[in-house]
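Take a look at the structure set out below.
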4 protein chains.
Amino acid sequence: MPRPSVEVERRAQILRATCRVIAENGLRNLRISDVARLAGLSGGTVHYYFDTKQDLAQAAFEDCFERSLERRRWLLDSRADAVTRLRQVVDSYVPGTPETVEAWKVWVELWAESPRSPRLRELNERLYGEWRRIVAAIVRDGQARGQVADGDPLVLANMLVGMIDGLAVQVLAGSQSLTADRMRTTCLEFVDTVLAAQNSPHPVPGRRARAQSTSDNA
Amino acid sequence: MPRPSVEVERRAQILRATCRVIAENGLRNLRISDVARLAGLSGGTVHYYFDTKQDLAQAAFEDCFERSLERRRWLLDSRADAVTRLRQVVDSYVPGTPETVEAWKVWVELWAESPRSPRLRELNERLYGEWRRIVAAIVRDGQARGQVADGDPLVLANMLVGMIDGLAVQVLAGSQSLTADRMRTTCLEFVDTVLAAQNSPHPVPGRRARAQSTSDNA
Amino acid sequence: MPRPSVEVERRAQILRATCRVIAENGLRNLRISDVARLAGLSGGTVHYYFDTKQDLAQAAFEDCFERSLERRRWLLDSRADAVTRLRQVVDSYVPGTPETVEAWKVWVELWAESPRSPRLRELNERLYGEWRRIVAAIVRDGQARGQVADGDPLVLANMLVGMIDGLAVQVLAGSQSLTADRMRTTCLEFVDTVLAAQNSPHPVPGRRARAQSTSDNA
Amino acid sequence: MPRPSVEVERRAQILRATCRVIAENGLRNLRISDVARLAGLSGGTVHYYFDTKQDLAQAAFEDCFERSLERRRWLLDSRADAVTRLRQVVDSYVPGTPETVEAWKVWVELWAESPRSPRLRELNERLYGEWRRIVAAIVRDGQARGQVADGDPLVLANMLVGMIDGLAVQVLAGSQSLTADRMRTTCLEFVDTVLAAQNSPHPVPGRRARAQSTSDNA
DNA sequence: TATGAATGAGATTTCATTCAT
DNA sequence: GATGAATGAAATCTCATTCAT
């Protein structure tokens, strides 16, 4: 009397395993047999759920991306002030926990593969776009409440997200001079000194001179 | 009567071909035979110069990285004012020319592979570190001349370089909402409104904070 | 509903084929594809059961050696008198049947390869040692029954086994002056005139000296 | 002004190197490039002197075999008594010196290869036959002088030579239970107790009844 | 639904051989 | 005489995919 849900369960199980293999070995070394072993299944079974390796990889990328987004969606609904939330964005993205590190590694693989895969491109466009819109919404909200400095919210969001991505890539690549800590400090500094409005309730010790700019220049 | 050693020339020829193949097909699909065809040689000849595919890839990464750096080293010696040079940094990195695009694709492959390769990690550390130091030197120089805002030069450089990298990755990945143009605008905005000192000779219309600039779209 | 595991059967099938190829072509020319063809399988299947060619060769050597020993173990339990059994030892080793010839060729390959392979060395030590002990046991038993001349049983066994091996190698090498027949005559002569006790029930015309006693060694 | 002898010299140099490579790596792993390196030449040069790898191997086998024989031909002319000379035969063949070990390894390779090479077969026939005839001549001479027990000299020589070969193969194969020492003891025991006539001037401690034989049975 | 067995296409790698210099 | 460079044929090995059970 097979539970009807067995299929859903199996798929999830296989996709998680696939993400782990991609993170650990790289898409380059993704082998069905490794996925099978990690999932405690046979290679044949993996193929029973996913026709081709490509399908499997694509589905895994989607799964990983969606779960990542899900994990952060609470930021959008948070009632905290915008700068706090932006700092939370940074914190939630610094590659610290195994979960975060795994997700980052999968993203980098996805980005490296995208130029040759319309489907991955579309996936990135959709989910990464959503992510950038979330950050932009926080910025816009903060501006409306006077917590975030003026400026095109999307541009500011792109600055932050770009910076996070670029520095994370270095952290992931194992840079000794660009550690997770330094990444965190740098991004938070950006939030505090560039994004936060002057009257922000986040007086950062050693606040840097710049970007007070606006008023001066305005 | 030794012919003028053809070795140096041949190695370079093979490495260029390898970079092109990596950029086009991904490290994942790097095939010796493709390299050979592109270089107009036999597969055996490629192996005559590089023992293993791994050696070849590593050497190609080094070659690509070094040439990229070489192409930008003039920025360090430039007499132009710091902000101009920082804008040149941005411009020189926006993936526009085929050459730039190729280099970026190779870097992303390198970063994706680094977690599993100490040699690549070391390579990135060395050359990428040098690159960040170059940018930091421009910042420091600009600060000394009052052209760049105060703040830890390395932190500021990391912000800019990180932003460039993160956004470039999206451009490379073929994002439709984050195009090369938008990357350029965003990074230049950062240079002009965050890095440039207030009395900078680059009075940007609509100076920062508001970045009313562009687009609410995307 | 697992089929009765085909694995044991398939492995045996592949190993027999491998032995035949080694015997016919030499280890030097052992090709997976030949093994596959001879076993009626695909090359991939051979690799499905044996990871590397080396593993395959090692396993084949073991298989050949063990089967050879198995084929002779009855000699140990035989109730016949010792000299008869020693003559049977000789007879069973003269390269006559295709089976014997094949086994000999494999052994020579193994011996030639041993200096470079600890695993083969260990294999030879274990199985060849056992074989020498079997012969020594026959000698010892014969001595106890007064059928075999005195002398250190292991030394006498080594003389016989060494002689058999050395002459067989020449037979195998295709010597025209040292044929299987001559090998047989020579070894039997040794059994009859050196090993057999004088009152042995095997009165050989032209009986010669035996080498009882001895051995401070072994 | 090239010396006319350079060619002879080069050939010898290459052949020695080939023997060493065969002994160390096995015929199986004989590579022209290794020979070249060991001889301090280029691969091209090796081919200048030997058309094909097969030619090279064949010539090397001949060279090795002939030099071995040469090294022992003094035994034939020795004035010592036969038993002494037979003991010298044994001693000179126990794999002790690097030179002996190398020669043995090459022979085993030759024997392993012979079944598939008429040329090697012919070589073995010719040179090994000569060697067996040398030993038989010593036996015959000893019998004529009453130093060696009766019996077909060729059969007795084959016994000794076979025993030497068979045991040497085990020593070469790295047997721990059949060491060079044990090989030596065993073969000398055979010489002293089986080949030596009763009135031999080699009273072996522990020596017992032997060789009266013949007459008893006659 | 699940799997172990089998396959074959494809990639790397090795290396004897050739040849221009 | 001698060599470095280049080649291409051949062999091992990998692994996605198929399929009978």
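Below, chains carry the letters A, B, ... as their sequence lines are ordered, and counting in each starts from 1.
Rounded to an integer number of Å, the gap from Asp51(C) CG to dT14(F) C1' is 11 Å. The interatomic distance linking Arg37(D) (CZ) with dA2(F) (P) rounds to 19 Å, in whole Å. To the nearest angstrom, C1' of dT14(F) lies 14 Å from CG of Leu30(A). Rounded to an integer number of Å, the gap from His47(D) NE2 to dT18(E) P is 7 Å. The distance between atom NZ of Lys53(C) and atom C1' of dT14(F), rounded to the nearest whole Å, is 17 Å. Atom C1' of nucleotide dA6(F) and atom CZ of Arg10(B) are separated by 9 Å, given to the nearest angstrom. Between Tyr48(B) atom OH and dA16(E) atom P there is a gap of 14 Å when expressed in whole angstrom units.
Under the 30°/60° scheme for interplanar angles, the aromatic rings of Trp107(B) and Phe65(B) are found to be tilted.
In terms of position on DNA chain F, the residue among Gly44(A) and Arg31(A) whose nearest nucleotide sits closer to the 5' end is Arg31(A). Of the two residues near DNA chain E, Thr52(B) and Ser42(C), the one whose nearest nucleotide lies more 5' is Ser42(C).
Ser114(D) places a side-chain N or O within 3.5 Å of a backbone atom of Leu110(D) that can act as its donor or acceptor partner.
Of the side-chain N and O atoms in Tyr49(B), none sit less than 4.0 angstrom from OP1 or OP2 of dA5(F).
A salt bridge is absent between Glu62(B) and Arg11(B); no separation between the charged side-chain nitrogens and carboxylate oxygens falls under 4.0 Å.
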